[in-house]
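Written below as structure tokens is the structure these notes are about.
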Amino acid sequence: MDDGYDIQAIERKWQQHWRDAATYQVENDDPRPKYYVLSMYPYPSGPAHMGHVRNYTFGDLIVRYRTMNGYGVLTPIGFDSFGLPAENAAIKTGEHPRTFTDARIEELSNSLQRIGATYDWRRVVKSHDPNYIRWTQWIFLQFLKAGLVYRAKAAVNWCPGCQTVLANEQVLSDGTCERSGDLVEKRELEQWFFKITQYAQQLLDDLDQLDWPERVITMQRNWIGRSEGAQFEMQVADADGRTTGETFAVYTTRPDTSFGMTFCVLAPEHELVDVITTPEHRDEVAAFVDRVRKSTEIERLSSETGLDKRGVFTGAYAINPFNEQPVPIYLADYVLTTYGTGAIMAVPGQDQRDWDFATTYDLPIIRTVQPPEDFDGEAYVGDGPAINSEWLDGLHKTDAIAKAIEWLEERGIGKRTVNYRLRDWLLSRQRFWGCPIPIVYCPDHGAVPVPEEELPVVAPDDVEFRPTGESPLRFHEGFLHTTCPLCGGPAVRETDTMDTFVDSSWYFLRFCDPWNADMPFSKSAVERWMPVDQYIGGVEHAILHLMYARFFTKALADLDIAPADLREPFARLFTQGMIRLGGGKMSKSKGNLVSPDDYCDTVGADALRLFVLFMGPPADDVDWNDKGMEGTSRFLHRVWRLAEPSSDAVPAATGDAIEEVDRAAHRLIVRVTDEFDRWSYNTAVAAFMEFTNLLYKRGQTQFAVDTLLQLLAPMAPHVTAELWARRHDGDHVHERSWPVADKAMAAVEQVTMIVQVNGKVRAKLEVTPDVDVAEAERLALESVSIGGEPKRVIAKPPKLVNIVV
RNA sequence: GCGGACGUGGUGGAAUCAGGUAGACACGCCAGCUUGAGGUGCUGGUCCGGGCAACCGGGUGGAGGUUCAAAUCCUCUCGUCCGCACCA
């Protein structure tokens, strides 16, 4: 329809304007109160997809809304530009990952601008920029100095086909490599780690101060997995109960059940295995250990494999310190060397897995907690009085645990212990397209940090990408060979690069001060902007990224690099739902992308933004379906014909309609402001539609239409900017302040009061909002005939009166 | 197995936070006007059953419960989705 609404021209014009006029640039000494809005920086995968549109529309509307509310808003954008796809593309096409990545960044930047998202483009940060690499490496070295980085052997996922380590996420559920299809194995390799476990307790405690979705907090809490219990020493003994001198520690959350211990289990990797295994069991144990080592994590953790194949007797015994009785020591693959002490005491009476094992291997079962009379299960894990436990008998769980720990501590055998499921963060990746780890290896001095003044260590350009998946750095003589910073002798560089999660663990700090050439950021700039007031991103980052970034922030603060009191990076987090296509996850790897650019070419960015907001609650996953796009597009045309000065589609309101419409405008301000603050954008769009429908029915006023445009400006920025400029002599709606409602005008004059009889609606009365209880009751009783005296009348004026007969 | 979320018309969803008219708003569909036709635009209708109508009865996965009043709170149950998963 030709209503003069030239979508493409208008959107181009205003996007140009915001950029030229630097509307959304902000200086660090801006006098306004600060507000830091951040959408998780994207991996540059090419043109934006619908997930981006959703994410960056939320961010952009908050930026515009907060700006209209008088804040100096920091709205940066950057690119998580290291990562596997660029490297895989390089292997396939020979194109250098940087060339490839820069092209994808260009495409993504363009489509972000096409949806009208505004940023302070001077502050762009890219992970692969040498200026950023330099400071990522510098931070790594500070952590190394502080003892937060160490090198250790670790079992990693190794793909024999790709000749490289894989992240857990790259191993499919059948234990094969997602790229080559080869069966992934475990290998012991020297790897670099961040000591995130040192912060486990703080990471847990500080969750309380965050305004984050409950489920994300729960996920983090479970991931950290704090458990309280006791650790104590066990003496190794022979078949006759004579101690051999070796000891090992076990960890348990139920020391109160120790009298029920009928065997012990060590992890197959436990250091004592070779020492304690008796000659007659040696072959069997060796075969078992070998098989476990070769099996994948998946197989190992699978409960499919029969228990009879999952354990083996060592021939050795251990003395239960509680009753001095010897119990057999087994190995089992389900005992993990990475948790607790890698050894457990087994109490089949109180633990189902121990029960199953005992049954399979024909080991005794002793109950140490009295189950309730109606209990018909096997192991009983609930509370009850202790039995068969000498001096613990009769005590309930909490008291029994306390007494057992006290007993262990008095004798110096064991102590109260806290354990965490959280593991240290393995940051080494055998990859090219990542931030190089700034270390050289000297035959005499071992691993030596690259001197800070030599940073950044940047990967060379003249490399050959091999289809084997091996990092080209390993074969680049110029990069590999260097000299030791300590002795000047020949040395080789570390060829592993950092996990890309390292890059994303501090980029939000760099945004505060991206120009800094002397430091990763100045404390004062970070003090000015941090913490992020509103962080926006997908739930898929609920654990890893959000945990790592919290760890980095705490560590940087403790190292006096960031302000000491900056304990948390993201004060408020919003996790948006995913946009799915046909029920599946929408992602670049599945290729099922719907292009936002196509919609920008037709209905325009404003209609697309509005539709994505209108689709459903922001936190919910949605299946993509553009059926409703007609609705938001039609709505914007209706707004255009309503507000465009030369349009006569909607006549001016007359008589009573003037006040009615203006009052509705004031109520709209109240409603929309509330809904913006509650992230109820879908209902806010509905409110705009309702209001527009009212103006079409009752006629327009200048105030009503101007208010609509102002309130709609954060969501549909282009059309509102154009209409406002036409109505107000070139003025800019996004530079106006957010409207404030007149209380008296916003108050409703008439309320529909429901009259119920026994909870069923029997009448609807129009009353004033200040009607009192007596009057409400009187009106209600008048309006319905109930035949006799009511038993009871519940009046909740002005909304409802319920008459009980 | 443990933890969490969700279940409402033909469809997306609103009302759930704070118990108080269930179905806002939109898509779709139906009708009228507009138009040369189609489309666009404008107006009206659209949970189910009964009734010409006013109205009456039923209705938020299922079964109970609390309450004057339950989509909303509680218990159980079924289903869907997500996270963690042999964590001692």
Side-chain angles (χ1 to χ4, degrees), chain A residues 1-3 213-223 225-227 229 231 250-254 257 264-265 267 300-303 305 307 310 332-336 338-347 350-354 356-357 419-423 539-540 542-543 577-578 580 583 610-611 614-617 619-632 634-635 637-638 641 649-650 678 680 682-693 696-697 752-764 790-796 799-805:
Chain A
M1 185 200 39
D2 187 20
D3 52 13
E214 200 48 50
R215 66 170 174 151
V216 175
I217 292 189
T218 304
M219 282 163 74
Q220 292 224 344
R221 202 168 269 141
N222 293 341
W223 188 263
R226 182 191 154 105
S227 87
Q231 184 174 319
V250 294
Y251 170 74
T252 177
T253 54
R254 294 294 302 275
T257 65
C264 278
V265 187
R300 181 160 174 183
L301 295 183
S302 156
S303 40
T305 315
L307 257 186
R310 305 189 59 197
D333 63 355
Y334 66 77
V335 174
L336 309 172
T338 47
Y339 185 77
T341 60
I344 61 165
M345 68 167 192
V347 185
Q350 265 67 234
D351 182 291
Q352 187 60 42
R353 194 192 31 202
D354 292 347
D356 295 338
F357 195 89
N419 247 294
Y420 300 92
R421 209 191 70 104
L422 183 70
R423 316 275 170 81
V539 231
E540 65 271 23
I543 295 173
M578 272 187 318
R580 293 174 305 204
L610 228 41
F611 174 64
F614 190 49
M615 225 159 31
D620 287 7
D621 287 352
V622 289
D623 286 314
W624 177 258
N625 179 342
D626 64 6
K627 283 272 166 46
M629 190 93 67
E630 275 298 308
T632 53
R634 196 173 289 159
F635 165 71
H637 279 279
R638 278 164 73 81
R641 292 194 301 275
V650 180
R678 287 170 34 225
S680 190
N682 52 331
T683 57
V685 175
F688 290 131
M689 289 173 169
E690 277 175 53
F691 184 69
T692 304
N693 290 345
Y696 266 73
K697 275 200 196 76
T752 305
M753 186 171 82
I754 303 302
V755 181
Q756 295 181 332
V757 177
N758 290 337
K760 290 194 190 297
V761 180
R762 281 293 175 272
K764 298 174 187 181
K791 260 191 217 141
R792 203 174 152 190
V793 179
I794 293 110
K796 300 276 172 189
K799 296 207 71 173
L800 174 133
V801 175
N802 190 11
I803 300 165
V804 187
V805 294

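To find a chain, count down the sequence lines: A is the first, B the second, and so on, and within it residues start at 1. Just the heavy atoms: all of them, side chains too, but no hydrogens, waters or symmetry mates, feed the values below.
When distances run from any side-chain atom of K627(A) to the nucleotides C84(B), C25(B), C27(B), the shortest one goes to C27(B). The nucleotide whose nearest atom lies closest to any side-chain atom of T253(A) is, among U43(B), A88(B), C84(B), A88(B). When the nucleotides C84(B), A24(B), G13(B) are ranked by their closest atom to the side chain of E690(A), A24(B) comes out on top. With C84(B), C25(B), A88(B) as the candidates, the nucleotide lying closest to the side chain of W223(A) is C84(B). Of the candidates A24(B), U21(B), A88(B), the closest approach to any side-chain atom of I754(A) belongs to U21(B).
The nearest whole Å value for the distance from the CD1 atom in I217(A) to the C1' atom in G83(B) is 15 Å. Rounded to whole Å, the distance from CG on D621(A) to P on G7(B) is 14 Å. The distance from atom CZ of R638(A) to atom C1' of U43(B) is 10 Å, rounded to the nearest whole Å. Residue F688(A) contributes atom CZ, which lies 17 Å from atom P of A14(B) at whole-angstrom precision.
Scanning RNA chain B for stems, defined as runs of 3 or more consecutive Watson-Crick or G-U wobble pairs whose donor-acceptor distances all fall under 3.5 Å, gives the following ranges: B:1-7 with B:78-84, B:10-12 with B:25-27, B:28-33 with B:41-46, B:47-50 with B:55-58, B:61-65 with B:73-77.
At G58(B), one or more side-chain N or O atoms of K760(A) fall inside 4.0 Å of OP1 or OP2 (strictly under the cut-off). For the pair Y251(A) and A88(B), the criterion of a side-chain N or O lying under 4.0 Å from OP1 or OP2 is not met. Distances shown here put a side-chain N or O of N693(A) below 4.0 Å from the OP1 or OP2 atom of A26(B). A sub-4.0 Å separation between OP1 or OP2 of C42(B) and a side-chain N or O of R641(A) is present. Contact annotation: R634(A) reaches the phosphate of G41(B) (side-chain N/O to OP1 or OP2, under 4.0 Å).
With sequence neighbours excluded, the residues satisfying side-chain hydrogen bond (donor to acceptor under 3.5 Å, both in side chains) with N693(A) are R638(A). Shown here are the salt bridge (charged side-chain N to carboxylate O under 4.0 Å, His left out) partners of R423(A), two or more places apart in sequence or in another chain: there are none. Checked against salt bridge (charged side-chain N to carboxylate O under 4.0 Å, His left out), D354(A) has no partners two or more places apart in sequence or in another chain. Here R254(A) pairs with D256(A) under the side-chain hydrogen bond (donor to acceptor under 3.5 Å, both in side chains) rule; sequence neighbours left out. In this view, T683(A) and R671(A), E675(A), S680(A) satisfy the side chain to side chain contact (heavy atoms under 4.5 Å, CB included) rule, not counting sequence neighbours. For Q220(A), the side-chain hydrogen bond (donor to acceptor under 3.5 Å, both in side chains) partners two or more places apart in sequence, or in a different chain, are R550(A). Judged as a side-chain hydrogen bond (donor to acceptor under 3.5 Å, both in side chains), and not counting sequence neighbours, T218(A) has no contacts. For E630(A), the side chain to side chain contact (heavy atoms under 4.5 Å, CB included) partners are R634(A), not counting sequence neighbours. Applying the ring pair (Phe, Tyr, Trp, His ring centres under 6.0 Å) rule to F611(A) yields the partners W624(A); only residues at least two apart in sequence or on another chain are considered.
Contacts of R762(A) with the nucleic acid, taken as non-hydrogen atoms under 4.0 Å apart, involve only primed sugar atoms and P, OP1 or OP2. Backbone-only contact: Y696(A) has heavy atoms under 4.0 Å from sugar-phosphate atoms and none from a base. Using a 4.0 Å heavy-atom criterion, one finds that R226(A) contacts no nucleic acid atom at all. The residue N682(A) sits close only to the backbone: its heavy atoms come under 4.0 Å of sugar-phosphate atoms, none of a base. Among the atoms of the strands shown, none is found under 4.0 Å from any heavy atom of T338(A). Looking at heavy-atom distances under 4.0 Å, K791(A) makes no contact with the nucleic acid at all.
Nucleotides G9(B) and G28(B), compared at atom C1', are 12 Å apart to the nearest Å. Nucleotides G10(B) and A85(B) have their P atoms positioned 41 Å apart, rounded to a whole Å. G58(B) sits 40 Å from C42(B) when the P atoms are compared, rounded to a whole Å. The gap from the P atom of A71(B) to that of G19(B) amounts to 14 Å, rounded to the nearest Å. Distance noted for atom C1' between C47(B) and A22(B): 10 Å (whole Å). With both ends at atom P, the span from C6(B) to U16(B) equals 13 Å, rounded to whole Å. Atom C1' of A24(B) sits at a distance of 15 Å from the matching atom of U60(B), rounded to the whole Å. Rounded to whole Å, the P atom of U66(B) lies 35 Å from the corresponding atom of G12(B).
Note that CD1 of I344(A) is 5.0 Å distant from OH of Y334(A), once rounded to the nearest 0.5 Å.
Within the 4.5 Å cutoff, no side-chain heavy atoms of F635(A) are placed close to those of F614(A). Side-chain contact between I803(A) and Q756(A): absent, with no pair of heavy atoms (C-beta onward) separated by less than 4.5 Å.
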Polar pairs (N or O, both sides) under 3.5 Å between protein and nucleotides 9-12 of chain B?
residue, atom, partner, partner atom, Å
G12(B), O2', M615(A), O, 2.8

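In terms of heavy-atom proximity, V804(A) sits nearest to N758(A) at CA-OD1, 3.4 Å.
In this entry the base of G64(B) is anti relative to its sugar, with a glycosidic angle more than 90° from 0.
Judged by closest nucleotide on RNA chain B, D620(A) is the one of A687(A) and D620(A) placed further toward the 5' end.
By the 6.0 Å contact criterion, CZ on R226(A) is enclosed, its count of non-hydrogen atoms from other residues, nucleotides or ligands being greater than 12.
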Go along nucleotides 64-69 of chain B 5' to 3' and tag each nucleotide: B for a protein heavy atom under 4.0 Å from its base, S when only backbone or sugar atoms are that close, - otherwise.
----BS
